[in-house]
Every structure is written in C-alpha cells, then in structure tokens.
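For reference, the structure discussed in these notes is given below.
Below, all heavy atoms of this structure are taken into account, side chains as well, without hydrogens, waters or symmetry copies. Counting begins at 1 with the first residue of the sequence.
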Amino acid sequence: MPAEELERLMNDYGDAVFRMCYLYLKDYQLAQDAVQETFIKAMKAYDSFEHRSSEKTWLIRIAINCCKNVMRSRWFQIRENNPGDHSERADVDPIDRFLEKDSISSAVMKLNANDRQMIVLYYYQGMSAKEIAAVIGRTENAVAQRLNRARDRMKKILTEAGYEEK
C-alpha cells in the first residue's frame with residue numbers, strides 16, 4: 001500500500017477507529033496501541049481488501065479484532081480484575097476524566113462487551129444495522145435484536161443513575 005493511501009485512511013477514519021477502540025478498551029493508551037495495530041494490519045492486508053464493504057466497515061472490523069486480542073492478553077485480564085491498581089493514578093488522561101464524569105459515556109462503559117459494541121457501532125460510529133452485521137459477522141436481524149437488548153440495558157443503567165424516561 002502506498003504511503004499516500006495509508007495517510008488517507010488514517011485521516012479519513014483515524015478518529016472513528018480511535019473512538020471505537022477507546023470505548024471498547026476503556027483505556028487511552030491501549031486504544032492508541034490498538035489503532036496503530038489496526039492501521040499496520042490494514043496496510044499489510046489492503047491489497048487483499050475486496051471492497052465488498054466500505055473501508056470504514058473493514059477498518060472497524062480490524063480494530064475490533066485488535067481490541068479483542070488486547071482483551072485476551074493476560075496483562076489486560078489481571079488489570080481489569082484489579083481496578084484499584086490503576087484507577088487512582090494522578091496522570092489519568094483528561095479524556096478519561098471527562099468520560100468518567102459524563103453519565104452517558106459512563107453508562108456505556110458499564111455495559112458488557114457485546115452490548116457496548118452494539119451501542120458504539122450504532123451511535124458513536126453511525127453505522128447502519130447492515131454495516132454492523134458485516135463488521136460482526138451476524139445477520140441484520142441478529143444485530144437489531146442485540147441492539148434492542150443493549151438499549152434496554154443502557155436504559156436500566158441510566159434510570160438507576162437518576163435519568164428519567166421521557
């Protein structure tokens with residue numbers, strides 16, 4: 001892949017890929033690493049990209065796989081099971097502090113990985129059910145069901161946090 005093509009992909013989709021990785025991993029540095037890994041993999045595989053989906057859908061699929069690889073690592077699992085070890089750091093990124101204070105983002109972070117994936121892809125990435133189906137390898141009906149369940153769980157979390165249903 002020519003450098004110009006990689007630069008175009010990074011300029012066009014870098015922010016969207018980062019936001020998705022950040023919401024998936026809940027950590028600024030891990031998200032940055034996952035984004036870098038995503039674009040390295042995309043650069044290596046671009047010649048085999050068949051354009052059956054949009055570039056954004058293809059990159060998001062790669063990013064999700066990178067995030068899942070990070071989450072499978074022993075270090076990540078130990079870190080997630082011992083939140084006190086890393087949550088009290090003074091050098092917490094300002095984006096982390098903002099998202100922790102924002103009730104909606106906080107509610108998204110409380111969802112399980114599958115529900116968070118649905119909410120992030122649909123609302124944060126603006127993907128259609130058809131695009132999400134291509135990303136996660138499910139049917140559009142399955143995506144619609146998973147999205148409805150995720151919305152219900154999100155509503156419950158927000159109601160418990162004091163938001164009223166309107």
Side-chain angles (χ1 to χ4, degrees), residues 9-42 53-73 75-89 91-138 142-163:
L9 287 176
M10 290 169 58
N11 288 334
D12 289 352
Y13 307 111
D15 288 341
V17 170
F18 175 78
R19 283 192 312 272
M20 201 282 310
C21 289
Y22 181 80
L23 289 167
Y24 216 88
L25 297 170
K26 304 179 202 177
D27 183 278
Y28 187 81
Q29 279 78 28
L30 288 176
Q32 285 180 322
D33 292 346
V35 170
Q36 287 178 358
E37 185 67 23
T38 297
F39 284 106
I40 289 169
K41 288 182 178 191
S53 63
S54 70
E55 288 176 330
K56 180 179 180 181
T57 302
W58 178 67
L59 286 169
I60 293 294
R61 177 75 250 158
I62 294 170
I64 288 171
N65 288 335
C66 288
C67 290
K68 285 181 178 180
N69 288 340
V70 169
M71 293 171 75
R72 281 187 202 108
S73 75
W75 177 85
F76 184 84
Q77 291 172 5
I78 290 169
R79 181 180 166 274
E80 287 300 302
N81 291 329
N82 298 306
D85 294 348
H86 65 279
S87 62
E88 299 297 323
R89 292 183 8 213
D91 63 336
V92 174
D93 188 82
I95 293 174
D96 289 339
R97 274 189 243 127
F98 170 76
L99 286 173
E100 285 173 9
K101 290 178 185 174
D102 179 44
S103 297
I104 303 295
S105 297
S106 179
V108 171
M109 297 301 221
K110 289 178 184 176
L111 294 170
N112 68 44
N114 287 330
D115 291 343
R116 190 169 53 246
Q117 180 183 46
M118 290 292 104
I119 297 295
V120 167
L121 292 175
Y122 188 79
Y123 291 104
Y124 285 77
Q125 297 296 333
M127 298 177 98
S128 67
K130 184 176 183 176
E131 291 173 318
I132 295 171
V135 166
I136 67 170
R138 303 273 191 233
V143 167
Q145 289 176 344
R146 289 176 71 180
L147 187 56
N148 283 332
R149 285 188 206 122
R151 285 182 186 128
D152 290 342
R153 289 182 184 111
M154 181 87 169
K155 184 192 296 184
K156 182 179 178 192
I157 291 168
L158 290 171
T159 302
E160 289 171 359
Y163 281 83

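Here OG1 of T159 is found 10.0 Å from NZ of K156. Values are rounded to the nearest 0.5 Å. In this structure, the separation between CE on M20 and CD on Q125 is 6.5 Å, given to the nearest 0.5 Å. Distance check: L25 CG to K68 NZ gives 12.0 Å after rounding to the nearest 0.5 Å. T57 OG1 to L121 CG: the interatomic distance, rounded to the nearest 0.5 Å, is 9.0 Å. To the nearest 0.5 Å, atom CG of residue L59 and atom CG of residue D12 are 9.5 Å apart. To the nearest 0.5 Å, atoms CG (L9) and CZ (F39) are separated by 6.5 Å.
No more than 12 heavy atoms of other residues, nucleotides or ligands shown are found within 6.0 angstrom of CG on D15.
Looking at S53 and E131, their side chains never come closer than 4.5 Å, going by heavy atoms from C-beta outward. No side-chain heavy atom of I132 sits less than 4.5 Å from a side-chain heavy atom of Q117. Using a 4.5 Å heavy-atom threshold, the side chains of I136 and R61 count as touching. V70 places none of its side-chain heavy atoms less than 4.5 Å from the side chain of Y24. Considering only heavy atoms from C-beta on, T38 stays 4.5 Å or farther from I60 through its side chain. Residues D27 and Y22 have side chains not in contact (no heavy-atom distance under 4.5 Å, counting atoms from C-beta outward). Using a 4.5 Å heavy-atom cutoff, the side chains of N65 and K41 are not in contact.
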key: Steps toward side chain to side chain contact (heavy atoms under 4.5 Å, CB included) verdict (V143, Y122)   = CA-CA 10 Å; V143 167; Y122 188 79; over 6 Å; no

key: Chi angles and distances behind the side chain to side chain contact (heavy atoms under 4.5 Å, CB included) call for W58, V135   = CA-CA 7 Å; W58 178 67; V135 166; over 6 Å; no

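Judged by distance alone, the side chain of K56 and the main-chain N or O of Y13 form no donor-acceptor pair under 3.5 Å.
Here A142 pairs with R138, T139 under the side chain to side chain contact (heavy atoms under 4.5 Å, CB included) rule; sequence neighbours left out.
When all heavy atoms of L111 and A150 are compared, the closest pair comes out as CD2-O, 4.3 Å. The two atoms that bring A63 and V17 nearest to each other are CB-CG1, 3.9 Å, heavy atoms only. In this structure, A31 and C21 approach most closely via the heavy-atom pair CB-C, 3.8 Å. A pairwise comparison of heavy atoms in A107 and L158 identifies CB-CD2, 3.7 Å as the closest pair.
For an aromatic pair to be called close, the ring centres must be under 6.0 Å apart, and Y28 with F18 satisfies this.
Note on residues 108-127: pairs passing salt bridge (Lys or Arg N to Asp or Glu O under 4.0 Å), not counting sequence neighbours, are D115-R153.
Geometric assessment of R151 against the ring of Y123 yields a negative cation-pi assignment under the 6.0 Å and 45° thresholds.
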